[in-house]
Protein chains: 2
Amino acid sequence: MKRKFVYFFSKKQSDGNKEMKNLLGGKGAGLAEMASIGLPVPAGFTITTEVCDLFYKNDKHYPAGLEKEVDENMRKLEKEVGKKFGDANDPLLVSVRSGAPLSMPGMMETILNLGLNDRSVTGLALKTGNRRFALDAYRRFIMMYGSTAKGIDREEFNHAFEALKSQRTRQRLALPSHAKVNDTDVDESELQLLVEEFKAIYKRNIGQDFPQDPREQLWGSVDAVFGSWMAEKAVTYRRVEKIKGVVGTAVNVQQMVFGNMGPKSGTGVCFTRDPNSGENTFYGDYLVNAQGEDVVAGIRTPIKLSDFEKADPASYKQLVDVRRTLERHFKDMQDLEFTVEEGRLYMLQCRTGKRSPAASFRIAVDMVAEGLIPREQAILRIKDKDIEGIFYPIIDPDQKEEMKKNFLVSGIDAVPGAACGKVVFNAKDAEAAAAHGEKVILVRKETSPEDVGGMHAAQGILTATGGKTSHAAVVARGWGKCCIVGCEKLNINYEKGELSVGDSVVRQGEEITLNGSTGQVYRGAMRLIKPEPPASFKTLMGWVDKIRAIRVRTNADTPYDAAKGVELGAEGIGLCRTEHMFFDTEERRLAIQEMIVADTLPGRVEALAKLLPFQKEDFKGIFKAMDGFPVTIRLIDPPLHEFVPHTEEKQIQLADQIGVPYEKVRLRVEQLHEANPMLGHRGCRLCITYPEILDMQVRAVIEAACECAQAGVKVMPEIMIPLTIDKKELAILDQRTRQLADAIIRERGARLRYLVGTMIEVPRAALLADQIAEVAEFFSFGTNDLTQMTMGISRDDAGKFLPDYVDEKKAGVFADDPFQSLDQDGVGMLVRMGIEKGRRTKPGLKIGICGEHGGEAKSVEFCCRVGMNYVSCSPFRVPIARLAAAQAEIKRKQASAPAKAKKGAVKKAKPAKIKATAKKIRKTAKKQFPKRKIVRGKKTKKR
Amino acid sequence: MKRKFVYFFSKKQSDGNKEMKNLLGGKGAGLAEMASIGLPVPAGFTITTEVCDLFYKNDKHYPAGLEKEVDENMRKLEKEVGKKFGDANDPLLVSVRSGAPLSMPGMMETILNLGLNDRSVTGLALKTGNRRFALDAYRRFIMMYGSTAKGIDREEFNHAFEALKSQRTRQRLALPSHAKVNDTDVDESELQLLVEEFKAIYKRNIGQDFPQDPREQLWGSVDAVFGSWMAEKAVTYRRVEKIKGVVGTAVNVQQMVFGNMGPKSGTGVCFTRDPNSGENTFYGDYLVNAQGEDVVAGIRTPIKLSDFEKADPASYKQLVDVRRTLERHFKDMQDLEFTVEEGRLYMLQCRTGKRSPAASFRIAVDMVAEGLIPREQAILRIKDKDIEGIFYPIIDPDQKEEMKKNFLVSGIDAVPGAACGKVVFNAKDAEAAAAHGEKVILVRKETSPEDVGGMHAAQGILTATGGKTSHAAVVARGWGKCCIVGCEKLNINYEKGELSVGDSVVRQGEEITLNGSTGQVYRGAMRLIKPEPPASFKTLMGWVDKIRAIRVRTNADTPYDAAKGVELGAEGIGLCRTEHMFFDTEERRLAIQEMIVADTLPGRVEALAKLLPFQKEDFKGIFKAMDGFPVTIRLIDPPLHEFVPHTEEKQIQLADQIGVPYEKVRLRVEQLHEANPMLGHRGCRLCITYPEILDMQVRAVIEAACECAQAGVKVMPEIMIPLTIDKKELAILDQRTRQLADAIIRERGARLRYLVGTMIEVPRAALLADQIAEVAEFFSFGTNDLTQMTMGISRDDAGKFLPDYVDEKKAGVFADDPFQSLDQDGVGMLVRMGIEKGRRTKPGLKIGICGEHGGEAKSVEFCCRVGMNYVSCSPFRVPIARLAAAQAEIKRKQASAPAKAKKGAVKKAKPAKIKATAKKIRKTAKKQFPKRKIVRGKKTKKR
């Protein structure tokens with residue numbers, strides 16, 4: 001069958017509808033839809049996105065038959081409108097607009113008044129009885145066609161106009177030399193001159209006369225639209241916004257209507273609800289006697305809709321009716337463009353309106369209350385960015401000028417939000433300043449566990465190296481603390497106490513502002529605002545929790561984080577990293593360092609004994625914060641060299657403090673050096689070599705749990721062994737853990753149940769999960785490390801090449817950074833294998849994820865799909881994970897609903913099987929952990 | 001059914017046979033077998049290894065019923081022999097010997113004359129009419145029981161004996177004080193005194209009288225045998241020799257026969273063929289009038305078998321008959337122990353004899369010629385160590401004393417063979433010394449690619465760090481150069497120019513000797529010998545090549561290595577690492593460093609152009625050496641920081657040489673630093689970032705190939721892209737490679753076919769092999785890196801914990817070091833997946849392995865089993881791989897032969913499927929590469 005390249009739309013007939021966004025673009029589909037439901041839309045036709053695709057696939061040639069189809073549609077349009085394209089007396093004028101399936105800045109936008117030429121401009125003047133209007137339309141057309149379609153610098157036209165206005169008009173109007181002259185002050189004869197001047201500019205630039213043939217004008221414009229699809233700005237935008245799978249833009253050719261025909265004419269843009277607050281009020285701007293591009297150009301100041309109502313109540317009434325119709329029809333807030341031509345309203349665009357995070361929640365919840373949409377729909381409309389926007393402070397957007405002026409450098413947006421403070425270059429200074437109540441930004445080449453105290457004390461963190469999963473980023477994310485990393489242009493000179501970007505120098509103590517949401521750094525202190533979560537946020541998240549089928553836990557290493565997690569909706573801890581506790585105080589740090597330097601078992605045991613009370617206290621605090629929720633505690637994981645000082649000065653100091661010769665410290669540190677620490681002596685390998693570390697940690701966990709349990713706290717500790725690669729290895733540590741734990745429980749006469757399980761974070765563990773599940777009571781997928789090893793990519797070093805791999809313009813190998821969004825093909829295959837094999841051995845095996853991916857929407861959906869019991873993420877991402885889990889469940893139900901209807905249909909074996917397993921598991925999980933009613937924030941009234 | 005714990009053997013009845021080694025131990029099975037084929041074996045019984053296993057499983061208690069069974073068998077033995085155990089007048093005396101399934105030094109060996117006591121010794125004297133003999137037997141028994149079973153220091157007994165001999169006998173014999181006194185010179189009365197003295201020693205040590213009850217003596221001895229199974233020496237031996245799956249030792253209780261009853265008596269050990277040369281001559285020692293332990297003690301010098309023949313032809317004749325019978329029966333060279341008691345031969349042991357590498361080949365080939373065994377059997381008997389022993393020099397074993405005296409330190413035996421030379425501490429000194437004809441040993445903390453020249457110049461390499469697959473080990477192995485790594489006790493002080501182990505210091509220029517086969521280092525220069533490969537080696541390897549079903553290639557980076565590989569039987573190059581070429585000369589090194597420091601594309605291209613002619617020449621040399629064989633060339637793989645200098649001095653020098661500011665070099669080196677270089681910016685990621693490197697390398701390969709082809713060389717280049725993780729990534733580089741290669745071939749008008757394929761060395765590549773095979777024309781499994789990533793173990797750092805993981809006494813998680821022998825469970829699963837998925841996409845996909853595992857026997861067998869087309873390994877391991885491939889094929893045929901017979905039987909789906917695929921592939925492979933007749937070494941006569 002011949003493919004249809006052009007779709008017509010008018011009140012009488014619309015070939016398209018709103019479902020055809022991919023083929024007709026957003027604008028084309030919207031126009032077709034509006035026309036088909038009887039709204040006043042100027043007639044026209046849409047050339048499909050497929051033509052754009054074929055154009056590029058066929059070496060910039062249009063598919064055969066297109067020209068004929070366009071001609072046919074133009075004849076249809078002429079018939080509908082009753083005017084002829086190119087007619088000298090009463091010409092049909094059209095607009096040509098691009099319209100991709102997604103709103104896409106950077107592409108050619110609009111050419112208006114197409115069809116005018118030297119002859120028809122006169123016809124138009126006669127027909128409208130308004131020569132000034134006709135000339136104004138013509139000069140606009142020449143300028144738009146010349147600049148937009150043919151690439152002539154718009155400034156040339158503007159200059160000419162300004163020159164005209166300044167030299168002649170001012171004289172004529174006898175205005176003072178500095179007075180502003182409005183476009184509308186220019187008269188007919190001046191416009192006539194301007195038309196000639198514009199045509200001259202055109203010829204000078206293009207080398208040909210301005211085309212008089214409307215067909216040539218049309219195809220020139222169509223060429224320009226399709227050409228702009230691959231313009232650098234558009235390509236960059238698609239890359240930055242990660243827009244993929246969109247094949248091209250459509251072109252909309254539409255009968256012109258004129259907002260510039262007098263005081264009963266005008267043009268406007270509006271939203272059916274307030275896009276900032278989400279309030280159900282009509283919101284927009286209107287410009288009297290103007291064409292669309294005047295609004296964009298910002299030359300004149302538009303009036304508010306309320307003033308429009310006062311100025312032209314009849315036209316306004318039409319618009320209000322359209323607003324109601326559209327919201328009922330689309331069941332979402334719409335962003336509209338319209339023109340009033342001598343008292344008659346025409347709709348030029350309608351699309352789903354962009355909105356602020358707060359408005360997203362309010363509109364969704366309101367529309368449920370209004371009966372427009374079901375709750376599921378409301379939930380599906382919320383994006384993870386909406387939640388981020390609710391929680392993090394932002395730079396007050398009113399400071400655009402200051403932001404432009406003070407921009408310093410850009411890095412990688414590791415943790416969103418904004419922060420400002422005085423620059424400090426080391427953790428100690430940060431802590432000291434914070435102790436004096438000063439706000440500081442910690443600036444480092446990179447951070448290490450030793451910096452954690454200073455990082456916590458700082459308002460925000462800025463590093464010159466590292467990616468989104470570098471130490472700085474991961475730690476900061478855990479706290480929801482603004483963080484920018486991998487700021488490669490940043491030169492840091494610790495000695496001088498200054499940072500520089502090119503010639504620009506910022507000294508210690510000077511203020512900077514970070515925008516963690518964009519990665520931008522500014523000199524000076526910007527004004528920050530913190531949006532207040534609207535009531536609708538709580539309402540919607542309540543629905544979310546009812547719908548989602550898997551649990552959401554948090555990663556937390558301290559009682560503070562644990563409490564934060566619970567406050568944000570976490571139902572347990574999925575990852576408590578015990579080693580961060582070692583850096584909390586000088587005393588702890590010394591104890592762990594003494595343990596590492598000791599070269600005998602008794603020496604190590606003695607040093608570890610000093611740590612025991614600290615860890616125990618930490619665990620008690622965490623258990624209390626998590627009363628009634630499970631807490632997964634991971635045994636020591638990082639290689640020991642992360643705990644020891646690496647400079648001679650600090651080594652001497654340490655030797656002094658723990659009373660051993662400096663040489664011994666130096667040698668031990670040297671001996672701990674590893675070529676690839678990620679694959680080195682870490683994780684459970686440490687406990688194989690030094691089982692006394694396991695003993696101390698298990699003792700701390702179990703003693704703390706016993707004491708809490710005996711004090712009436714509901715404790716559910718889950719001891720997690722990291723980096724397992726073999727069943728036998730796990731069995732050795734599992735046995736040691738249980739023997740000790742059981743002995744302590746017996747000795748204390750406590751009633752305590754605990755689990756022992758393992759991380760699945762090395763490919764071999766996933767491959768042999770069936771064997772490992774013989775020992776483990778739970779699995780937690782550590783997808784950070786699993787990604788590193790499965791893909792062979794060190795996340796600390798990935799900054800050197802991974803950006804090229806994700807950049808579509810460079811290699812474009814991956815759609816997403818695999819450390820942000822789980823690589824479902826590769827790493828995901830291992831996760832699926834691990835789950836399937838693990839449950840083959842233990843059908844009810846509890847399985848979760850505790851990598852960074854546990855707080856990323858697409859990854860959470862994956863976790864739901866493959867049948868995990870829970871995801872775990874940093875406290876500030878808990879709401880995102882809750883939302884994603886609910887969305888996944890809604891999509892699952894929606895996908896299975898039609899499947900149920902046509903039960904006989906053949907399904908692919910595997911997904912069905914996985915789904916069935918997932919369902920079974922969810923059932924089991926619900927039984928194992930009946931949902932607790934969670935009351936947080938404001939107490940309910942019944943108390 | 002009750003388990004049988006004791007197996008009787010005698011001429012009349014043997015419960016066991018030679019197949020029951022696991023249950024009866026080697027000795028027990030051999031005795032049973034010899035008895036059952038009618039050879040003269042003193043009767044006795046064997047307590048099974050199962051008893052030993054149960055003994056340890058049951059907290060050192062014997063299983064119920066054992067005692068009764070032993071008593072029954074003792075009664076049977078009494079009946080057979082016609083004497084009573086413990087009889088005062090004519091006692092039945094027995095020997096008690098341990099006998100594990102494998103020969104196992106370190107365990108308790110033998111207690112003779114058991115059953116003697118103060119009364120029966122008189123009975124024995126009367127019965128034999130030889131009181132001296134009876135007393136001698138008794139004093140021996142007391143000494144053996146006291147020392148061997150009860151742990152009294154043997155020296156106490158020896159001292160007492162020596163004291164006796166020196167003080168009294170010398171007086172009596174009026175010998176000068178320095179004269180040697182033989183045991184046989186001691187008379188009856190002196191022996192009587194000795195017996196009393198020995199009993200006194202026993203009582204002094206044990207606190208009890210020497211046991212007079214023969215049953216107590218028997219169980220004391222049995223206890224001692226089983227107890228010795230877990231003695232440290234035995235456990236260590238099993239660990240070192242990687243003996244697993246052996247549950248325990250058996251105990252043999254056997255009627256005593258006496259070689260010490262006069263000149264017509266004696267005892268001997270012999271081999272049915274010469275165990276050193278393999279020559280088919282009778283080989284052994286005989287000691288007249290002696291018991292077994294006299295041979296071991298080395299107090300008297302035995303005579304050769306030829307002298308035995310002269311001295312006692314009748315007894316010798318019996319032995320020769322036994323020799324013939326046993327070789328015919330066992331079809332292998334046997335190691336025998338026998339005793340002649342007054343002209344009558346008794347066999348005490350028979351087992352497969354250990355032999356030198358040369359003898360292994362000779363005996364195997366001779367036995368085929370003699371019609372004793374088929375060729376397949378001959379091939380299966382050769383071990384990889386036999387081949388190593390043929391090629392590598394060894395320390396002349398006659399220097400035992402010197403070795404003991406000069407032993408310095410032990411490291412990891414990375415590359416076998418021996419080397420001696422003067423110590424140097426850096427590559428430059430090594431090169432300089434070698435240029436003067438001096439032999440040196442390069443001693444480094446660790447080696448890097450910059451050291452390669454010096455490593456090549458040295459006789460051997462010794463490093464303080466690293467494992468068997470560290471840089472030093474891998475490079476040295478490629479050359480078959482003796483190398484010891486991970487010598488952790490070694491302190492190297494580069495500044496002072498000395499190494500030390502504890503207080504022992506060796507200065508630069510002093511000589512040391514390395515034994516790469518054991519990892520031991522000696523001071524001074526030992527005498528080395530290099531065994532000459534026997535003719536039988538070539539004969540047998542000829543059979544090997546006819547039988548094996550997969551190809552064996554070599555890893556070679558130079559024409560020299562390539563030629564070496566061909567000489568040793570390689571049929572192509574499986575891995576040619578191009579980066580080693582960059583270090584060959586100062587000029588090349590500078591060019592690559594200039595390329596790295598350059599910050600513009602033209603700068604890099606210019607520097608690369610300097611490298612092009614060098615690489616091209618190298619490739620031409622390699623293609624010529626490999627005329628008619630495929631050559632797989634891997635594009636640049638290591639991270640760039642491996643190519644740049646890391647000391648300030650060298651950086652300044654480099655800056656000077658390439659004419660850029662020092663600061664620029666320093667910054668670039670700093671920038672190249674990576675936290676985990678193994679998972680960093682390397683492999684094909686470099687070519688994604690710097691495609692100009694790919695361009696240069698592809699140009700060098702293809703231009704060299706065109707020129708060789710046009711000169712009549714048969715060239716088959718295979719360009720291999722390393723570290724691929726995604727189909728799209730590979731497609732980008734594949735396309736660039738082909739475009740350039742095709743253009744060069746067209747331009748030169750050459751006729752050249754080439755392949756483009758990839759390494760599968762990252763887990764993701766194996767997981768997504770079906771997609772990757774859409775692009776790749778061949779796969780080569782890089783199992784070194786695949787092992788590192790799948791197991792999460794950096795081979796450079798594994799030395800810190802992996803030994804514990806392999807050590808059965810510690811964690812014992814793995815049976816073998818996974819970097820030596822492929823981890824078939826985990827990594828192997830990915831390899832199987834990769835092959836299966838790859839061939840699902842491309843059924844004929846050529847697949848090989850180029851990791852270190854390609855030269856390790858068990859891994860090669862795995863490669864055969866999973867259907868690879870070839871293995872590739874360093875030149876010196878090529879014969880080992882050829883042998884392993886043939887052995888794998890023989891085993892496969894043997895395994896499938898009975899399977900064919902019972903075709904109806906149910907088989908597991910997967911292995912069968914894999915086998916079928918493997919078979920199909922082998923067929924295809926044979927078609928694609930018909931076997932070329934390879935003539936090397938001596939030319940055939942027809943020429």
Side-chain angles (χ1 to χ4, degrees), chain A residues 446 470 488 639 671-683 685-686 688-689 723 725-729 731-732 761-768 771 785-802 804-805 810-814 823 825-827 829-830 833, chain B residues 446 465-466 470 488 639 671-683 685-686 688-689 723 725-729 731-732 761-768 771 785 788-802 804-805 810-814 823 825-827 829-830 833:
Chain A
E446 62 199 339
S470 62
E488 299 210 337
Q671 193 194 0
L672 288 173
H673 170 79
E674 291 184 308
N676 296 289
M678 231 287 297
L679 310 177
H681 196 187
R682 54 172 284 241
R685 294 163 194 173
L686 292 172
I688 290 281
T689 316
L723 213 73
I725 55 174
D726 192 272
K727 177 193 156 187
K728 191 167 176 192
E729 174 192 45
I732 290 169
E761 55 183 331
V762 183
R764 194 178 197 269
L767 291 167
L768 302 180
Q771 295 176 20
D785 279 4
L786 193 60
T787 299
Q788 298 197 79
M789 296 183 213
T790 305
M791 306 187 80
I793 299 177
S794 160
R795 63 182 189 192
D796 292 324
D797 307 314
K800 295 199 175 70
F801 57 91
L802 198 55
D804 283 0
Y805 271 68
K810 303 267 176 74
V813 173
F814 301 122
D823 161 39
D825 291 342
V827 181
M829 189 185 292
L830 277 182
M833 280 176 72
Chain B
E446 61 199 340
T465 64
S470 62
E488 299 210 334
Q671 195 194 359
L672 288 173
H673 170 79
E674 291 184 308
N676 296 290
M678 229 288 296
L679 309 177
H681 196 187
R682 54 172 283 241
R685 294 163 193 174
L686 292 171
I688 290 281
T689 317
L723 213 74
I725 55 174
D726 193 89
K727 177 193 154 187
K728 191 166 177 194
E729 174 192 45
I732 290 167
E761 54 183 334
V762 184
R764 195 179 197 268
L767 292 166
L768 302 179
Q771 297 175 20
D785 279 4
Q788 297 197 82
M789 296 183 212
T790 305
M791 307 188 79
I793 299 178
S794 159
R795 63 183 188 191
D796 292 323
D797 307 313
K800 293 197 177 69
F801 56 92
L802 198 55
D804 282 1
Y805 271 68
K810 302 266 176 75
V813 173
F814 301 121
D823 162 38
D825 291 343
V827 180
M829 189 185 292
L830 278 181
M833 281 176 72

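Order of the sequence lines sets the chain letters (A, B, ...), proteins ahead of strands, with each chain counted from 1.
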Exercise. Top residue by heavy-atom pair count (under 4.5 Å) with chain A, among B/G826, B/P639, B/S794?
Worked result: B/S794
Problem set entry | Exam field: side chain B/N676 to backbone A/M678, donor-acceptor pair closer than 3.5 Å | yes
Exercise. Chain B heavy atoms under 4.5 Å from A/I732: which part of the residue, side chain, backbone, both or neither?
Worked result: side chain
Problem set entry | Passing candidate, side chain to side chain contact (heavy atoms under 4.5 Å, CB included) with B/R764, options A/D823, A/T787, A/L830, A/V827 | A/D823
Exercise. Which distance, rounded to the nearest 0.5 Å, do you find between the CZ of A/F814 and the NZ of B/K728?
Worked result: 10.5 Å
Problem set entry | Which portion of A/A798 sits near chain B, non-hydrogen atoms under 4.5 angstrom | neither
For this session: Identify the two heavy atoms, one from A/F801 and one from B/R685, that lie closest to each other, and give their separation to 0.1 Å.
Result: CE1-CD, 3.5 Å
Seminar exercise, completed: Rounding to 0.5 Å, atoms NE2 (A/H673) and CG (B/D796) come to a distance of 9.5 Å
Seminar exercise, completed: Separation between CE (A/M833) and CE (B/M833), nearest 0.5 Å, reads 4.5 Å
Problem set entry | Option passing side chain to side chain contact (heavy atoms under 4.5 Å, CB included) with A/I793 (candidates B/L679, B/I725, B/L723) | B/I725
Problem set entry | Greatest number of heavy atom pairs closer than 4.5 Å to chain A - which of B/L672, B/D785, B/V813, B/D825 | B/V813
Seminar exercise, completed: Closest non-hydrogen contact found for A/E674 with B/D797 is CA-OD1, 3.3 Å
Problem set entry | Closest heavy-atom pair and its distance - B/A675, A/P677 | O-CD, 3.3 Å
Exercise. Between the side chain of A/K800 and the main-chain N/O of B/G680, is any donor-acceptor distance below 3.5 Å?
Worked result: no
Exercise. Is it the side chain or the backbone of B/A811 that comes within 4.5 Å of chain A heavy atoms, both, or neither?
Worked result: both
Problem set entry | Residue among B/I688, B/T790, B/T465, B/V762 with most heavy-atom pairs under 4.5 Å to chain A | B/T790
Exercise. For A/M791, is it the side chain, the backbone, both, or neither that has a heavy atom closer than 4.5 Å to a heavy atom of chain B?
Worked result: both
For this session: Look only at the side chain of A/K810 and the backbone of B/T689, and say whether a donor-acceptor pair between them is shorter than 3.5 Å.
Result: no
